[in-house]
Amino acid sequence: MTGRPTTYSPDVAARICSEIASGKSLRRVCKPAGMPAASTVFLWLSKHREFSEQYARAQADRTAYWAEEIVEISDDEKTDIQRSRLKVDTRKWLMSKMAPKKFGDRVAKEISGPNGGPVRFDVSGMTDEQLAALETALGGIADVPGEDAGDNQD
């Protein structure tokens with residue numbers, strides 16, 4: 001009786017990535033006989049750059065698959081509503097963690113000065129070079145219509 005394969009195989013790696021891209025978890029992909037253990041796959045990911053890149057693409061494809069699946073789950077009128085909600089929420093949560101820039105909640109931070117007023121900087125002691133660097137870093141966000149940036153207002 002032979003055990004699970006441990007030697008890297010591009011064919012097995014491609015099969016794993018195909019299954020991942022179709023929405024399956026690595027645990028589920030590795031379950032059938034003849035497939036490597038998940039720990040072996042993680043070892044392959046650390047040792048084989050091409051597989052690591054292929055796996056990353058498969059994970060991105062999986063989030064797109066889940067997005068499509070959410071629509072199908074939501075539109076299915078025959079299933080248990082609580083179960084459907086759990087499926088949708090689970091996929092949404094996983095997607096937000098695996099691809100936060102694309103599927104995560106957008107967080108905006110606002111910085112304000114005393115009493116909610118504007119933030120003021122004293123730049124009077126800065127050299128021209130420092131002022132130019134600050135202006136570049138701020139990217140024009142410090143420009144306020146009707147005010148001269150050089151004014152030191154209290």
Side-chain angles (χ1 to χ4, degrees), residues 1-121 123 130-145 147 149:
M1 178 183 229
T2 61
R4 292 178 171 269
T6 56
T7 303
Y8 177 76
S9 160
D11 291 338
V12 174
R15 181 174 169 200
I16 290 168
C17 289
S18 176
E19 295 288 321
I20 296 287
S22 70
K24 294 180 183 170
S25 68
L26 179 62
R27 187 170 175 247
R28 186 170 167 193
V29 170
C30 293
K31 205 172 210 172
M35 292 300 286
S39 58
T40 299
V41 174
F42 290 128
L43 184 63
W44 291 356
L45 287 168
S46 68
K47 289 186 173 185
H48 302 278
R49 185 176 178 196
E50 69 283 353
F51 176 49
S52 181
E53 291 169 358
Q54 186 181 10
Y55 188 83
R57 283 190 305 274
Q59 287 184 307
D61 291 345
R62 178 172 53 193
T63 60
Y65 180 91
W66 284 341
E68 294 290 327
E69 198 172 43
I70 286 171
V71 173
E72 290 179 17
I73 293 167
S74 299
D75 289 346
D76 188 352
E77 298 172 4
K78 299 173 192 159
T79 60
D80 174 40
I81 291 176
Q82 288 298 90
R83 182 74 179 143
S84 293
R85 181 173 290 137
L86 177 63
K87 286 177 159 183
V88 167
D89 288 348
T90 300
R91 284 160 179 77
K92 285 172 32 181
W93 183 83
L94 285 168
M95 292 163 62
S96 75
K97 302 306 174 200
M98 296 175 120
K101 288 183 180 179
K102 189 170 184 179
F103 297 108
D105 294 330
R106 303 228 189 273
V107 177
K109 292 186 181 184
E110 186 175 306
I111 301 172
S112 60
N115 300 320
V119 176
R120 302 252 183 228
F121 296 97
V123 296
Q130 290 171 325
L131 287 170
L134 179 61
E135 186 175 2
T136 300
L138 294 174
I141 64 171
D143 293 339
V144 178
E147 291 188 11

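Side chains are part of it too, since the values below use all heavy atoms of this structure and drop only hydrogens, waters and symmetry mates.
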Spacing of [atom1] belonging to [X] relative to [atom2] belonging to [Y], to within rounding of 0.5 Å:
{"X": "W44", "Y": "S39", "atom1": "CH2", "atom2": "OG", "value": "10.5 Å"}
{"X": "D89", "Y": "L94", "atom1": "CG", "atom2": "CG", "value": "11.0 Å"}
{"X": "W93", "Y": "F103", "atom1": "CH2", "atom2": "CZ", "value": "15.5 Å"}
{"X": "I81", "Y": "R83", "atom1": "CD1", "atom2": "CZ", "value": "14.5 Å"}
{"X": "D80", "Y": "K87", "atom1": "CG", "atom2": "NZ", "value": "9.5 Å"}
{"X": "I73", "Y": "R85", "atom1": "CD1", "atom2": "CZ", "value": "13.0 Å"}

For this session: With E19 as reference, evaluate R28, R27, K24 under the salt bridge (Lys or Arg N to Asp or Glu O under 4.0 Å) test and give the passing residue.
Result: K24

Exercise. Does R57 have any side-chain hydrogen bond (donor to acceptor under 3.5 Å, both in side chains) partners at least two apart in sequence or in another chain, and if so, which?
Worked result: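 Result, side-chain hydrogen bond (donor to acceptor under 3.5 Å, both in side chains) vs R57: none returned.
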
Closest approach of [X] to [Y] (non-hydrogen atoms, all atoms of both residues):
{"X": "P5", "Y": "G34", "result": "CG-O, 3.4 Å"}
{"X": "A37", "Y": "C30", "result": "C-SG, 4.1 Å"}
{"X": "Y65", "Y": "A21", "result": "CB-O, 3.7 Å"}
{"X": "R4", "Y": "M35", "result": "NH1-O, 2.7 Å"}
{"X": "A38", "Y": "L26", "result": "CB-CD2, 4.1 Å"}
{"X": "A67", "Y": "M95", "result": "CB-CE, 3.7 Å"}

Sub-4.5 Å side-chain heavy-atom contact between [X] and [Y]:
{"X": "C17", "Y": "D61", "answer": "no"}
{"X": "V12", "Y": "P36", "answer": "yes"}
{"X": "M98", "Y": "R62", "answer": "yes"}
{"X": "V88", "Y": "R91", "answer": "no"}

Problem set entry | Test side chain to side chain contact (heavy atoms under 4.5 Å, CB included) applied to S18 - qualifying residues, sequence neighbours left out | none

Problem set entry | Backbone N/O of K78 and side chain of D76: donor-acceptor pair under 3.5 Å |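 At least one qualifying donor-acceptor pair exists.
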
Exercise. So, does T136 use its side chain to make a donor-acceptor pair with the main chain of A132 at under 3.5 Å?
Worked result: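 Yes, the answer is positive, given that a donor and an acceptor are paired below the 3.5 Å cut-off.
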
Exercise. So K92 and I70, side-chain contact (heavy atoms from CB on, under 4.5 Å) or not? Walk me through it.
Worked result: CA-CA 8 Å; K92 285 172 32 181; I70 286 171; 3.6 Å; yes

Problem set entry | Distance-only donor-acceptor check, side chains T6 and T40, under 3.5 Å |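 On atom types as modelled, these side chains do not qualify, holding no pair under 3.5 Å.
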
For this session: Evaluate whether atom CD of E50 has more than 12 neighbouring non-hydrogen atoms of other residues, nucleotides or ligands under 6.0 angstrom away.
Result: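 Yes, enclosed.
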
Exercise. Aromatic rings F51 and Y8: how do their planes relate, parallel, tilted or perpendicular, breaks at 30° and 60°?
Worked result: tilted

